[in-house]
Amino acid sequence: ALSPFRFESAKVKSDGSYLLFGSDMSSGAGYVPAMIELDSNLNVVDNKLYSVTTLSSSDDARIYDGSICADGGLILTGAISLDMGMAHTAGLIIRTDPAGNPIWTKLFDNDTSTIFPEIATSAKELADGGFIVFGNIMENDVPFPFQRGACLIRTDAMGDTLWTKYFDGTGMDFGKGDIQLFNDGFLINCLNNVIHTDTLGNIRWAKDIFMQSADVLIQDSTFIMIADDQTTLHVANVDTSGSILWETSFSFEDPFQHYQLTTKIVKRHSGNLLISGVTLNDTSSVMMGSFHFNLDPMGNMLSSYFYDT
């Protein structure tokens, strides 16, 4: 296995195995995009490192999310440094074959003269083989001076841009947003907002359902949304208009006395919901371990597990 590994997100494959996306930190010189595959019993069966080179002297790169494509390959999203450190980054997208080997790599950077970060946080394959990509930007020029904003990038199957849609950051905190295909459009889960757009990226509605939203799981014509405030886990089922159908929350206490940071929710083959994340030291915010919560389809807790490092 890769160690140390900074976990960012996970996906469940059709055969019940798991893909973990993140970055390898073993070199001590920076982050390298990485993927770990686990079988259904959580044994490591494969791992990949993705070396990406730019003109930067650091080449510090990270993967934040991955999505499984129709051919079994992956579309990976993240960021790569264009200078020393991560002060100026470009959005990073890697397309792989079914074995996880890279086919092409694309960088998205609007203005290399600025020092503000740009990252690609999520992407999904569309019916024509192209992709819709969500990312964060902060620019010192139009269309929104000195504010954190976001964008949707529509690409063809080779990752070449077809169109870009910008979102003004005023009144919104996008965080590391995740994009899903939902109700003939796109559902974007941001830090404090959920946004639904049409297929051209025009906003239909935006709701602040939870503060510190962590993840969204699409199921049929509704979606499950989770969030946490370090001591309480919140779960809600939301319809196509952004209205809450049911909501539950419960306090949880890590036996190792660390703060919780929820990351991802997946639907297991049994229909239950698996929520996984990391635990942080309550004083230094250093990653200390991980946790898993098993919920039934209505959000009732079935079991919980904590792993200390």
Side-chain angles (χ1 to χ4, degrees), residues 1-3 5-27 30-54 56 59-81 89-109 118-135 152-163 176 178-181 186 217-218 263-264 266-267 269 276:
L2 302 174
S3 180
F5 177 75
R6 180 188 175 94
F7 169 77
E8 295 286 354
S9 63
K11 291 293 187 296
V12 181
K13 299 177 67 176
S14 59
D15 61 1
S17 61
Y18 301 87
L19 297 176
L20 308 183
F21 305 107
S23 304
D24 173 50
M25 302 180 290
S26 61
S27 69
Y31 294 83
V32 178
M35 182 270 291
I36 298 176
E37 183 173 359
L38 310 177
D39 63 21
S40 57
N41 295 316
L42 304 184
N43 299 305
V44 176
V45 295
D46 192 16
N47 60 68
K48 298 285 185 182
L49 292 177
Y50 299 97
S51 178
V52 183
T53 301
T54 69
S56 166
D59 288 336
D60 190 1
R62 308 181 188 188
I63 288 296
Y64 297 119
D65 196 21
S67 180
I68 302 172
C69 301
D71 65 357
L74 304 172
I75 187 74
L76 308 175
T77 48
I80 184 168
S81 174
T89 65
L92 172 65
I93 302 176
I94 303 173
R95 174 71 158 101
T96 81
D97 63 19
N101 301 309
I103 299 174
W104 50 256
T105 299
K106 295 288 183 180
L107 303 182
F108 295 91
D109 180 46
E118 295 180 281
I119 62 176
T121 61
S122 181
K124 293 294 182 294
E125 186 180 31
L126 302 178
D128 64 359
F131 299 93
I132 188 70
V133 182
F134 180 77
L152 284 178
I153 303 172
R154 175 70 158 94
T155 79
D156 62 18
M158 295 304 297
D160 296 319
T161 300
L162 300 178
W163 54 257
K176 293 178 183 176
D178 176 65
I179 191 166
Q180 306 275 356
L181 310 184
F186 307 123
L217 172 69
I218 303 295
T263 53
K264 287 292 178 180
V266 296
K267 189 170 186 177
H269 284 223
S276 300

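Since we're looking at a predicted model, the values are computed, not measured.
Residues K11 and M35 form no side-chain contact, since every pair of their non-hydrogen atoms from C-beta on lies 4.5 Å or further apart. A heavy-atom distance below 4.5 Å is found between the side chains of L181 and I132. Here the side chains of N101 and K48 are in contact, with some heavy-atom distance below 4.5 Å. Put simply, the side chain of Y31 does not reach to within 4.5 Å of the side chain of S81, judged on heavy atoms. Using a 4.5 Å cut-off on side-chain heavy atoms (C-beta onward), W104 and D160 make no contact. In this structure the side chain of T161 reaches within 4.5 angstrom of the side chain of F108, judged on heavy atoms. Taking 4.5 Å as the limit, every side-chain heavy atom of I93 sits out of range of all side-chain heavy atoms of T105. The shortest side-chain heavy-atom distance between T96 and L76 falls under the 4.5 Å cut-off.
Distance check: D65 CG to T77 OG1 gives 5.0 Å after rounding to the nearest 0.5 Å. In this structure, F131 CZ and K106 NZ are separated by 11.5 Å, a value rounded to the nearest 0.5 Å. E125 CD to T155 OG1: the interatomic distance, rounded to the nearest 0.5 Å, is 9.5 Å. Distance check, rounded to the nearest 0.5 Å: CD1 of I63 to CG of L74 gives 10.0 Å. Atom CZ of R95 and atom CD1 of I103 lie 5.0 Å apart (nearest 0.5 Å). Rounding to the nearest 0.5 angstrom, the gap separating the OG atom in S67 from the CD1 atom in I75 is 8.0 Å.
N41 contributes no side-chain N or O that, together with a main-chain N or O of N43, makes up a donor-acceptor pair within less than 3.5 Å. S122 places a side-chain N or O within 3.5 Å of a backbone atom of I179 that can act as its donor or acceptor partner.
Counting all heavy atoms, side chain and backbone alike, Y50 lies closest to G100 at OH-O, 2.6 Å. Taking all atoms of both residues into account, the shortest heavy-atom contact from S23 to A61 is OG-O, 4.1 Å. For the pair Y18 and D39, the tightest heavy-atom approach, listed with the atom from each and the gap, is CD1-O, 3.7 Å.
Under the side-chain hydrogen bond (donor to acceptor under 3.5 Å, both in side chains) criterion, S17 pairs with D15, sequence neighbours left out.
In summary, R62 and E8 do not engage in a salt bridge, as defined by a charged side-chain N under 4.0 Å from a carboxylate O.
The one candidate from V44, V45, N47 that meets the side-chain contact (heavy atoms from CB on, under 4.5 Å) condition with L38 is V44.
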